[in-house]
Amino acid sequence: MTSHEKKIAFGIEVRRILELLADQIYQSPLALLRENTQNAFDAVQMRKALQQEFSPRIDVTVTDKDVTVTDNGIGMTPSEIEQNFWHAGKSGKNTEAARAAGVVGTFGIGALANFGVADELTVETESAKTAERTISTALKSNLSTVDQGISVRVVPALGNPGTKVRARLTPNSGVSIHDAYRYLHQFVEFVDVPVFLNDELLSGSKHRDALPSEQHAWSERKEIQSLAGMISGDLEVRGMATGEFRVVFENIETPKGLGRTGAIVLQQDASAIRTLRSGFGLATVGARSDYRWGGVVDLPFLQPTAGREALAATSHQELQQIISALDEIVSQLACEHPGSLSNDSFLGWIANTGKYSICGPLLVTVRPSGAEETLEAIASQGSARYYGGRDTSLIETYASEEQPLVVLSRRRPRRDCEQGYLVARGIGEIDDSPKVTGELSIDRQSIAHSALAVRIARILEEDYFLGVDIRYGSISGGLPLLVTDTNTPVVIFLDPDSTSVSPLLALYRDDFNAFGPFVKDFVRSAIFPRVSKLVPSSTRAGAEAFLRHLRAHREWFEYELDDKADLADILEELLAGRLTSDEAKGRLFDVGRSFVEVSGTGTQPLSAVVGPVEEVIGESASDDSFDARPGIDRREDETNALILTTEQPFNGYTCFLSLTDRVQREKGDFFLQPHTTEVVWGGRKVVFVFQHHSRRFGLYYDILCPEIVGEAASGGPGTTSTILTKGRTFIPIPQEIAASFLPKADERKRLEVRCDVLYLSDDDETA
């Protein structure tokens, strides 16, 4: 039999590919509202740049059958419709002139958002430059790379430049007017172009409107203030009667000269920051700050990602630099106002910088009288002393009218500021330091004593690179442990009869399987806080060494998806037959992002991993419970679960989510180091900021959920409760949003994840 060869063309189902792309990039069906409105906004901005006389306006109409967005912007010519609008990966806005006009999108893939929920798309447009009017229509079912399924028809001009995009929705697409209003409002609230949804105005709010109206105690203004060498503008800092700070930074100019002037409006302790570009909403993010700022940041150089659900990594780093610089300026201005001393975050800045001299007006309690006096008045007496404990017998012993005793606050950082001021003024502390009152000799120690000492020493050596010498003895003041020598090896005494150590010795004898986990918890919660400053990675050299280790696998996070170029290249290879549709999809969406899918079968009780929750040694309810702590170490245990749950809250959490496999592989080592935890959320975004205990860098973990996790942006710091298992790390989900992460029976939730290193110290290299 004679063989014969036949060559065929590579086939592609365009309709299916469009559905996949639209679903992957724009996971919310409401995204077509944002994309078409953003295109309308950009068109208006570009027509403004032509300096034509017109009254800008955007009208959005939503019914149960279609969505229409109409603008009177620059419009498109027939060639622009063909070469840009209907050509995925190309954009007529990717020019210097367009960027200078303040456009938001330059990716050229926004048309895809429509086909996630639309069967038909009609575009009617008239160019403000050429006065050509065009009507173009496409049915999703007719789209093809072979057949000419898109109609482009030139019609007589009407003298009304602009564009009208009408998307006919697929049945049961689920776009309600209520959801549309709530969704679109967050993106257009601050734009200066009138945007109407079903004739209701959504836009026009001023940035200052983001702040509640309350009486302020003081205000400082600085015109032409430079910030981090990146932006400059008019700065106003307010100290409120409640003690909190607020910032209004307006008329912001940038060296790049892009778009309209920017603005920053922030409120202390609000945590979640809404980012904007030229007034148009981009994403809700978090930035590390002593003041936990929340509010709006509108800067023309902020770059969104393809789906407009997040900021590019470079923009995250630039925003962090600006926030860090703002912290310093606000703190310097607050120094001039004694009322600022009621602000705990400001006191934290004083403690970190050692500027205790401004703490004179702080009121403290003086014994035996019990009266409150200023630190300055007490220091002027010269005979006073201070005490940082709560032992009433000691207070009665040392306090007298001739030699008054200052009892320091229990709360940090106020306590640190009180002590720092008194020490600087020569006021001494009474000698109540704990002491080892009797050492337990080696020959009197049991096997359990030796086992516990060896296990603690090994954990500190292997996990924190800290050499220690563990000894036993009775300690004054009822303390369970005492660090007596900070030289290497660090000498730590344990009281074997204390309520913390005695159960561990009993566990060794009675339940050896539980002994290891409980010792790790004891090291984490009891020993680490007392030796944290001695851990090598807490120093600058140690932190930089650990950073070098993280950078060794940093390529994936550094590579930002250049959506226009990548999409064009990938589609070109797809159409040329060099990629299958699955390969194209994988290459397009695996760059710069990672996904995790969770289902009911992927959940497991927390107790199955860490043991009975009530028996785990957790954090105390002290004022420093938000300080850096190690994770809960169960690395000898293995689990395939992606979510851990508990009915009894642990450190305030009932849900713990696994990191993605890729982040675990490339950044999982970060969580072996002590760290703080902060979580903010808004819309569909949940952002974790984990700060290394050296305070020099951190890890940014961004989750995009399939549905809205909270009606209002919220969040803040929490007790570090990271759980480490073999090859898997679980991070805590705040109870307020835990329901958004728990799948129902037979349900799968797909979460999109981004991760990057954050550089938090000014003198460190930036990303």
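Between the side chains of N651 and T719, not a single donor N or O lies within less than 3.5 Å of an accepting N or O. Side-chain contact annotation: Q303 with T314, donor-acceptor N/O pair under 3.5 Å absent. Residues Q604 and T639 have side chains that bring a donor and an acceptor to within less than 3.5 angstrom of each other. Between the side chains of H692 and S694, at least one donor N or O lies within less than 3.5 Å of an accepting N or O.
A distance of 9.5 Å separates SG of C755 from CG of D702, quoted to the nearest 0.5 Å. For the atom pair CG of D209 and CD of E189, the computed distance is 7.5 Å after rounding to the nearest 0.5 Å. Note that CH2 of W681 and CD of E736 are 4.0 Å apart. Values are rounded to the nearest 0.5 Å. Atom CG of residue L211 and atom NZ of residue K206 lie 15.0 Å apart, to the nearest 0.5 angstrom. Put simply, SG on C705 and CD1 on I737 are 7.0 Å apart, with the number rounded to the nearest 0.5 Å. Between atom CG of residue L197 and atom CG of residue L33 there is a gap of 7.5 Å, rounded to the nearest 0.5 Å.
Between L266 and I323, some side-chain heavy-atom pair lies under the 4.5 Å cut-off. Between V679 and T677, some side-chain heavy-atom pair lies under the 4.5 Å cut-off. You'll find the side chain of V67 reaches within 4.5 Å of the side chain of L169, heavy atoms only. Taking 4.5 Å as the limit, some side-chain heavy atom of L751 sits within range of a side-chain heavy atom of L657. Using a 4.5 Å cut-off on side-chain heavy atoms (C-beta onward), Q268 and W293 make contact. Taking the side chain as every heavy atom from C-beta outward, V610 and P517 never approach each other to under 4.5 Å. Residues E35 and L32 have side chains not in contact (no heavy-atom distance under 4.5 Å, counting atoms from C-beta outward). With contacts defined as side-chain heavy-atom distances shorter than 4.5 Å, the pair K667/V757 qualifies.
With sequence neighbours excluded, no residue satisfies side-chain hydrogen bond (donor to acceptor under 3.5 Å, both in side chains) with T68.
Side chain of R246 to backbone of P212: a donor-acceptor contact under 3.5 angstrom is found. A donor-acceptor contact shorter than 3.5 Å is absent between the side chain of D179 and the backbone of S176. Side-chain atoms of S658 never come within 3.5 Å of backbone atoms of F730 as a donor-acceptor pair (strictly under, hydrogens ignored). Formation of a donor-acceptor pair under 3.5 Å by the S203 side chain with backbone atoms of V193 is found in this model. In this structure a side-chain-to-backbone donor-acceptor pair under 3.5 Å is missing from D298 to I264. Without hydrogens or angle criteria, Q320 side chain to R288 main chain gives a donor-acceptor distance under 3.5 Å. Listed for the R274 side chain is no donor-acceptor partner under 3.5 Å among the backbone atoms of T284. Under a 3.5 Å cut-off, the side chain of T645 and the backbone N or O of P605 do not form any donor-acceptor pair. With T729 contributing its side chain and L724 its backbone, the two residues share no donor-acceptor pair below 3.5 Å. Of the possible donor and acceptor atoms, none in the side chain of S278 sits under 3.5 Å from a partner among the backbone N and O of F280.
Residues F690 and Y701 place their aromatic rings such that the two centres sit no closer than 6.0 Å.
Classification of E636 and K520 as a salt-bridged pair holds, one side-chain N sitting under 4.0 Å from a carboxylate O. Remark: E752 engages R754 in a salt bridge, criterion side-chain N to carboxylate O under 4.0 Å. Under the 4.0 Å criterion applied to side-chain N and carboxylate O atoms, D119 and K65 are not assigned as salt-bridge partners. Between D327 and R292 there is no salt bridge, since none of the side-chain N atoms of the basic residue sits less than 4.0 Å from a carboxylate O of the acidic one. Between R168 and D66 there is no salt bridge, since no side-chain nitrogen of the basic residue lies less than 4.0 Å from a carboxylate oxygen of the acidic one.
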Evaluation steps, salt bridge (charged side-chain N to carboxylate O under 4.0 Å, His left out), between R524 and D633
CA-CA 9 Å; R524 173 180 183 267; D633 193 345; over 6 Å; no
Start with the C-alpha gap between I723 and L606, add the side-chain angles, then the distance that decides, and say whether side chain to side chain contact (heavy atoms under 4.5 Å, CB included) holds.
CA-CA 10 Å; I723 299 172; L606 175 65; 3.2 Å; yes
Where do F245 and M240 land on the side chain to side chain contact (heavy atoms under 4.5 Å, CB included) test, with the steps shown first?
CA-CA 6 Å; F245 297 156; M240 310 306 293; over 6 Å; no
So L672 and D463, side chain to side chain contact (heavy atoms under 4.5 Å, CB included) or not? Walk me through it.
CA-CA 7 Å; L672 299 177; D463 293 354; over 6 Å; no
Verdict with supporting geometry, I733 and F656, side chain to side chain contact (heavy atoms under 4.5 Å, CB included)
CA-CA 6 Å; I733 305 297; F656 298 80; over 6 Å; no
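Across every non-hydrogen atom of Y183 and R34, the tightest pair is OH-NH1, 2.8 Å. Across every non-hydrogen atom of V60 and V195, the tightest pair is CG2-CG1, 4.5 Å. Nearest heavy atom pair, residue F301 against residue E318, reads CD1-OE1, 3.4 Å. When every heavy atom of I632 is checked against every heavy atom of S721, the shortest pair comes out as CD1-O, 4.3 Å. The two residues A628 and P674 make their nearest non-hydrogen contact at CB-C, 4.3 Å. Counting all heavy atoms, side chain and backbone alike, V69 lies closest to A40 at CG1-CB, 4.0 Å.
Between Y700 and H316, the ring planes lie tilted relative to each other; the angle falls in the 30° to 60° range. Aromatic ring pairs are classed by plane angle as parallel below 30°, tilted from 30° to 60° and perpendicular above 60°; the pair H185 and Y181 is parallel. F670 and H675 have tilted rings, their planes meeting at an angle from 30° to 60° on a 0 to 90° scale.
Within the structure, every pair that satisfies the salt bridge (Lys or Arg N to Asp or Glu O under 4.0 Å) test and touches residues 724-733, not counting sequence neighbours, is listed here: D661-R728.
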